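These notes are about the structure you will find just below.
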Amino acid sequence: MKELLVRRLSLPARTAGLLVTLGLAALADPPAPPPAPLPTLGAVAQEGIQVPKPPFSEGIFPCSSCHDGKSMKVNPQRRELTGMHGDIVLNHGPESRWCLDCHDPANRDRLRLASGERIGFDTSYQLCGQCHGDKFRDWRVGVHGKRTGSWNGAKQYLLCVNCHNPHSPRFQALKPMPPPTRPEQIQARKGGAR
Amino acid sequence: MTAQEPIQPAEGCASSTPGGGSRREFLGTAVAAVATALTGCGKLSHEEFLQHNFRELSKDEVRDVIARLEREYKEKYGREVKVTNTAPLPGVIFGYALDLSRCIGCRRCVHACVKENNQSRSPEVQWIRVLELEKEEGVNLQHADQYYDPAEVPREGHFYMPVQCQQCKKPPCVKVCPVGATWREKDGITVVDYNWCIGCRYCMAACPYGARHFNWGEPNLPPDQVNPDTHYLGNRPRPKGVVEKCTFCIQRTRKGLYPACVEICPTGSRKFGNLLDKTSEIRYVLENKRVFKLKEELNTQPNFFYFYGV
């Protein structure tokens with residue numbers, strides 16, 4: 001958590017409008033100065049949101065150190081990856097999705113929205129939010145995903161990709177911690193129950 | 001001189017130190033002897049024996065009690081343990097919501113709670129009980145298992161429901177306490193004065209959630225595992241023979257922090273906040289999600305909610 005980046009997230013105006021319709025208008029509750037234009041509401045909603053760095057595999061970023069567009073030409077063909085990235089299992093709607101739907105073909109260090117807009121890996125939630133709008137809305141208000149910090153102050157948010165592998169997004173199973181001791185297994189000990 | 005006398009030192013001793021007057025000293029020893037006889041435990045100091053209910057203590061008395069506790073903990077654990085008595089924040093009633101569609105039953109919360117709240121380690125007292133339930137049965141407690149231990153969770157066909165103190169608005173545990181050792185604070189947290197609790201366990205019988213736990217033996221808390229950041233009504237180390245319970249991590253939440261279980265949850269299933277704050281996460285959950293209370297029909301009116309976040 002130490003490497004959390006503190007960052008004011010700039011929001012497209014359209015999502016700001018969305019926030020308002022979500023009932024976040026309550027944010028304007030403290031005596032607001034004369035009718036603030038809607039987009040600032042969105043900015044207020046994002047205040048205090050901190051997101052950590054995206055969890056890149058070791059030594060993989062920047063992607064442009066290989067994908068520089070010169071030594072390696074862009075190959076838009078859907079295919080089995082053999083040379084590199086063979087470890088990536090695409091289990092995220094594989095029939096309808098391919099690398100370059102999300103990774104920008106011209107600049108591999110960026111991601112690409114459906115609109116063609118390029119975004120950084122550190123704001124990848126915009127990309128996820130294109131399809132998972134309900135989750136995105138919940139994430140924004142702090143209901144989907146983990147928050148840490150202060151219930152009445154600054155909170156740390158995680159990016160979608162901190163919990164969900166973008167190529168295989170189902171939450172990974174975990175080993176449970178030990179169960180409670182059954183009453184009959186509790187050993188009598190000195191100074192304990194008589 | 002004989003019949004009425006013990007009452008006077010009862011008021012005087014709390015602020016006096018041993019070695020005041022000889023009469024006082026004598027009575028102090030006498031009271032300590034009575035205490036020893038009554039409790040069968042030689043460690044109870046006469047200050048502790050004569051201490052009143054926490055809610056009846058004056059500011060000075062609270063200061064003395066806390067100083068005494070800190071001294072005792074230092075002796076017992078060999079390290080500084082800070083005991084606070086932070087008051088409820090004005091305009092705050094705590095609420096908790098747990099997302100049943102996300103919890104995977106990994107029990108990280110259970111063990112983070114034990115560490116944070118200085119529970120007995122052997123046998124381990126756990127304030128959170130994670131139930132494994134069958135999807136086909138729904139929330140049917142007759143099909144609940146708290147001892148599940150597969151290699152990986154979640155298990156196919158199962159969902160998980162952590163149960164802890166529901167911080168009821170009408171807490172049956174408070175109602176039955178014969179000595180008033182447990183009560184609901186202004187911010188909605190039900191607390192126990194461990195020094196006033198007589199260990200009758202009526203509250204455990206009354207609680208429909210199994211949220212109260214009894215220290216049958218001397219809590220076995222290794223000194224190196226003591227969390228020194230404590231609250232009088234919360235996670236300060238407890239003596240043998242008292243009841244304890246989840247306090248929403250009163251020592252953390254009254255400072256603005258999230259409870260330990262919220263901080264640790266890897267799936268973000270646990271949501272916590274101020275029910276009186278219209279912009280809080282908890283209010284968003286209550287207003288926008290499908291929410292239910294456990295055993296709502298008992299009219300305990302929990303401030304702990306379960307919801308489906310999908």
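Every chain is numbered from 1 and lettered A, B, ... according to where its sequence line falls, protein lines coming before strand lines. Given the structure is predicted, the values throughout are model-derived calculations rather than measurements.
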Please find the pair of heavy atoms, one from [X] and one from [Y], that lie closest to each other, and give the distance.
| X | Y | value |
| --- | --- | --- |
| A:P176 | B:G105 | CB-O, 3.9 Å |
| B:G309 | A:D138 | O-OD2, 3.8 Å |
| A:V143 | B:Y284 | CG2-CD2, 3.4 Å |

With a cut-off of 6.0 Å (strictly less than), are more than 12 heavy atoms of other residues, nucleotides or ligands near [atom1] of [X]?
| X | atom1 | value |
| --- | --- | --- |
| A:Q77 | CD | no |
| B:K293 | NZ | yes |
| A:E184 | CD | yes |
| B:R121 | CZ | yes |

Engaged part of [X] at the chain A interface, taking heavy atoms whose separation is under 4.5 Å:
| X | answer |
| --- | --- |
| B:S269 | neither |
| B:V110 | neither |
| B:P259 | neither |
| B:K255 | neither |
| B:L257 | both |
| B:I264 | backbone |

Just by modelled atom types, is the [Y] backbone N or O under 3.5 Å from a matching donor or acceptor in the [X] side chain?
| X | Y | value |
| --- | --- | --- |
| A:S150 | B:G256 | yes |
| B:Q146 | A:P180 | no |
| B:H111 | A:P178 | yes |
| A:W151 | B:N274 | no |

Task: Close contacts, residues 163-175 of chain A versus chain B, judged by heavy atoms under 4.5 Å - done: A:C163, A:F171, A:A173, A:L174, A:K175

Open item on the list: If you count heavy-atom pairs within less than 4.5 Å of chain A, which of B:V310, B:T267, B:V125 leads?
Closed with: B:T267

Task: Best-contacting candidate, A:R147, A:H144, A:R182, against chain B by heavy atom pairs under 4.5 angstrom - done: A:R182

Task: A:K146 vs B:R270 side-chain heavy atoms within contact, under 4.5 Å - done: no

Open item on the list: Consider side chain to side chain contact (heavy atoms under 4.5 Å, CB included). Of B:R107, B:Q126, B:R129, which one does A:P179 pass it with?
Closed with: B:R107

Task: Partners passing salt bridge (Lys or Arg N to Asp or Glu O under 4.0 Å) against B:R155 (at least two apart in sequence or in another chain) - done: B:E132

